[in-house]
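Report on the structure given below.
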Protein chains: 2
Amino acid sequence: MIDKVIIAEDHEFANLSVQKTMEDLKVKQYDYAFYCDDAFAKIQLAQKKGEPYDLLITDLSFEDDGTPQQIHDGIELIRAVRAIQPSILVLILSGQHRPVDIHNLFEHNEVDAYVRKARHDVQELKSAMHALSKGQRYYPGSLAQQIKRSNTYEFTDFDITIIRLLNEGYQQNEIPAYLKEHNIKPSSLSSIEKRLNQIREELGFLNNQQLMVFCSNAGLL
Amino acid sequence: MIDKVIIAEDHEFANLSVQKTMEDLKVKQYDYAFYCDDAFAKIQLAQKKGEPYDLLITDLSFEDDGTPQQIHDGIELIRAVRAIQPSILVLILSGQHRPVDIHNLFEHNEVDAYVRKARHDVQELKSAMHALSKGQRYYPGSLAQQIKRSNTYEFTDFDITIIRLLNEGYQQNEIPAYLKEHNIKPSSLSSIEKRLNQIREELGFLNNQQLMVFCSNAGLL
DNA sequence: CCCCTGGTTACGGTTTGCCGTAATAAAAAT
DNA sequence: ATTTTTATTACGGCAAACCGTAACCAGGGG
């Protein structure tokens, strides 16, 4: 069961609503913090007193308002907390973040649930809490869909190299020189053009810009 | 006095907390909506019944979740509402938005108060409400500061339109037609080229791809 | 040895984007 | 009202990207 929860969220609006949701869900004890350092201190203290938290609900990005902090964002907080209390459950509550990033967090078992701040986020949070209390993770389907869409195409190392170079400001006709320099096998301008053409075709993009944005969002850069 | 308030906010978390804040402030009557159309309908009805709202609290960006809407964002909502009830007070409650945009809204008297979803947003909302009830506007000082020290490039609506179109797969020579179609003022290919050139220059990008990725990461698309 | 096949490279033509300059329109200032 | 300033548009040359075709070069089988 989830009896003791700590909320780390800098926005008062969100923090308040999460608290209210905890009340609705009859969570026995919940505390909240507006700063990562504060949340960490509370978790550390509870741990020392032998009354550890069951669940950490945290935002990912925290605004820097001038007060100096050791821990600056949600990911740092999660890692710091897991270092002293590996068993704690972690639920991420985030505004807009890249699907891949979230996905990676799941893959590395750094988080157990993810709720996006959006329409129906309260419902989502309740569903997530429900899943967690049953020992399940909460990985929203929409996220899987987004990832699936991004993962349809298999990018080769060659593809990624080209795209990375383009993103660094190389123009296509400068790339062959670079490839020869680094002994990468297809190195002709034709090959590069053909490859890009093929990728665009398969993914249904009309220009390289879309491709670059896509790769950026997919975390390939 | 502010006795009757309508809240338009798609995020449940935020909506809920605003409601709670209204309770704390002893506002006599408040209603809420998760969609612009719904908010507009409520305002229209109240107006017809001779019991109009005193204040509209609205987010700027509303997520499109598939349900078809006439009014798609906060600005459209504000303009639609002001068209039928010019006297209504308007308070914007927004996550991250360009300071200049907000500033312009104030300058054109389209809004009376602005609260950013951030640290202490509940306090800010209360302060804003207090100011409004005294017949004052609420223009947070932080906004003025942000405009002053924003040495990063300021994208105009025009810029964003172009970039959005490019990202949708338009090629540059197709854009003038679109702009004329939508009565956007500079519409020539030259203007587009010149603008893009200028932006790249100021931000130090070597090609459009980098610009697109930048804008994507900055959440401007 | 030749032929076939898959992949790479070379080349030419066309389109698109890039950038400077000049003409024109609109706005501001006098 | 006319000049000055500013913004927008039109045009042209050039570079880059796009795209098709054909030549080239492995290796594998006949």
Side-chain angles (χ1 to χ4, degrees), chain A residues 153-216 218 220-221, chain B residues 98 100-101 103-104 107-108 153-216 220-221:
Chain A
Y153 193 75
E154 267 304 322
F155 287 93
T156 67
D157 287 350
F158 181 65
D159 298 338
I160 294 176
T161 303
I162 297 176
I163 291 165
R164 217 194 59 241
L165 291 175
L166 283 176
N167 187 51
E168 286 171 13
Y170 278 73
Q171 47 193 178
Q172 292 184 20
N173 59 21
E174 294 170 340
I175 294 182
Y178 177 95
L179 295 178
K180 277 162 193 149
E181 185 84 12
H182 292 72
N183 296 321
I184 297 173
K185 311 217 322 216
S187 66
S188 73
L189 184 55
S190 268
S191 295
I192 294 165
E193 292 170 345
K194 191 165 291 188
R195 198 87 200 91
L196 285 173
N197 190 350
Q198 210 171 326
I199 298 172
R200 280 197 306 270
E201 175 108 6
E202 292 204 44
L203 291 173
F205 292 141
L206 294 105
N207 57 37
N208 279 350
Q209 283 129 49
Q210 291 182 312
L211 176 58
M212 306 292 287
V213 169
F214 172 84
C215 290
S216 169
L220 292 175
L221 308 176
Chain B
R98 310 206 311 270
V100 256
D101 288 343
H103 185 75
N104 286 336
E107 288 223 318
H108 295 82
Y153 188 75
E154 280 299 339
F155 288 91
T156 67
D157 287 349
F158 182 65
D159 299 338
I160 293 178
T161 303
I162 296 175
I163 291 165
R164 215 194 60 240
L165 290 174
L166 284 176
N167 187 51
E168 286 172 12
Y170 278 72
Q171 48 192 185
Q172 293 185 17
N173 57 21
E174 294 170 339
I175 293 181
Y178 177 95
L179 295 178
K180 276 162 194 150
E181 185 84 12
H182 291 72
N183 296 321
I184 297 174
K185 306 201 329 204
S187 66
S188 74
L189 185 55
S190 268
S191 294
I192 294 165
E193 293 168 346
K194 189 167 291 186
R195 201 85 201 90
L196 285 173
N197 189 354
Q198 211 172 326
I199 299 171
R200 281 197 305 271
E201 174 110 4
E202 292 202 44
L203 291 173
F205 292 139
L206 294 106
N207 57 37
N208 278 351
Q209 284 127 52
Q210 291 182 314
L211 174 58
M212 305 293 288
V213 169
F214 171 84
C215 290
S216 169
L220 291 176
L221 307 176

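Please read these numbers as outputs of a predicted model, since none were measured by experiment.
Distance NZ/A:Lys194 to OG/A:Ser188: 8.5 Å, rounded to 0.5 Å. B:Ser216 OG to A:Phe214 CZ: the interatomic distance, rounded to the nearest 0.5 Å, is 11.5 Å. With rounding to the nearest 0.5 angstrom, the CD1 atom of A:Ile184 is 12.5 Å from the OG atom of A:Ser191. Note that NZ of A:Lys185 and CG of A:Asp157 are 12.0 Å apart. Values are rounded to the nearest 0.5 Å.
Residue B:Lys194 contributes atom NZ, which lies 12 Å from atom C1' of C:dT24 at whole-angstrom precision. Remark: C1' of D:dC18 and CG of A:Leu166 are 14 Å apart, rounded to the nearest angstrom. If you take CD1 of B:Ile199 and P of C:dC19, they are 13 Å apart, rounded to a whole angstrom. Protein atom CD of B:Gln209 is 11 Å distant from nucleotide atom P of C:dG17, rounded to whole Å. Between the CZ atom of B:Arg195 and the P atom of C:dC19 there is a distance of 15 Å, given to the nearest Å. A straight line from CG of B:Asn208 to P of D:dA17 spans 11 Å, rounded to a whole angstrom. Put simply, CG on B:Asn207 is 15 Å from C1' on C:dT16, counting in whole angstrom units. In this structure, A:Leu211 atom CG and D:dA17 atom P are separated by 14 Å, rounded to whole Å.
Taking the side chain as every heavy atom from C-beta outward, A:Leu196 and A:Asp159 never approach each other to under 4.5 Å.
Helical stems in DNA chain D, defined as runs of 3 or more consecutive Watson-Crick or G-U wobble pairs with donor-acceptor distances under 3.5 Å: C:1-30 with D:1-30.
Partner of A:Gln209 under the side chain to side chain contact (heavy atoms under 4.5 Å, CB included) criterion, chosen from B:Asn167, B:Ile163, B:Asn208: B:Asn208.
Of the candidates C:dT9, D:dC19, C:dC19, D:dC19 carries the atom nearest the A:Glu193 side chain, counting heavy atoms from C-beta on.
Dashed line: the shortest gap from a side-chain N or O of A:Ser191 to OP1 or OP2 of C:dT8 is not under 4.0 Å. Between B:Arg200 and C:dG17 there is no side-chain polar atom (N or O) within less than 4.0 angstrom of OP1 or OP2. Taking only side-chain nitrogens and oxygens, B:Asn197 never comes nearer than 4.0 Å to OP1 or OP2 of C:dC18.
A heavy atom lying under 4.0 Å from DNA chain C marks the following residues of residues 167-189 of chain A, by number: A:Lys185, A:Pro186, A:Ser187, A:Ser188.
Between the side chain of A:Glu202 and the backbone N or O of A:Ile199 there is no donor-acceptor pair closer than 3.5 Å. With hydrogens and angles disregarded, a donor-acceptor distance shorter than 3.5 Å links the side chain of B:Gln210 to the backbone of B:Leu206.
There is no side-chain donor-acceptor pair under 3.5 Å between B:Asn207 and B:Arg200.
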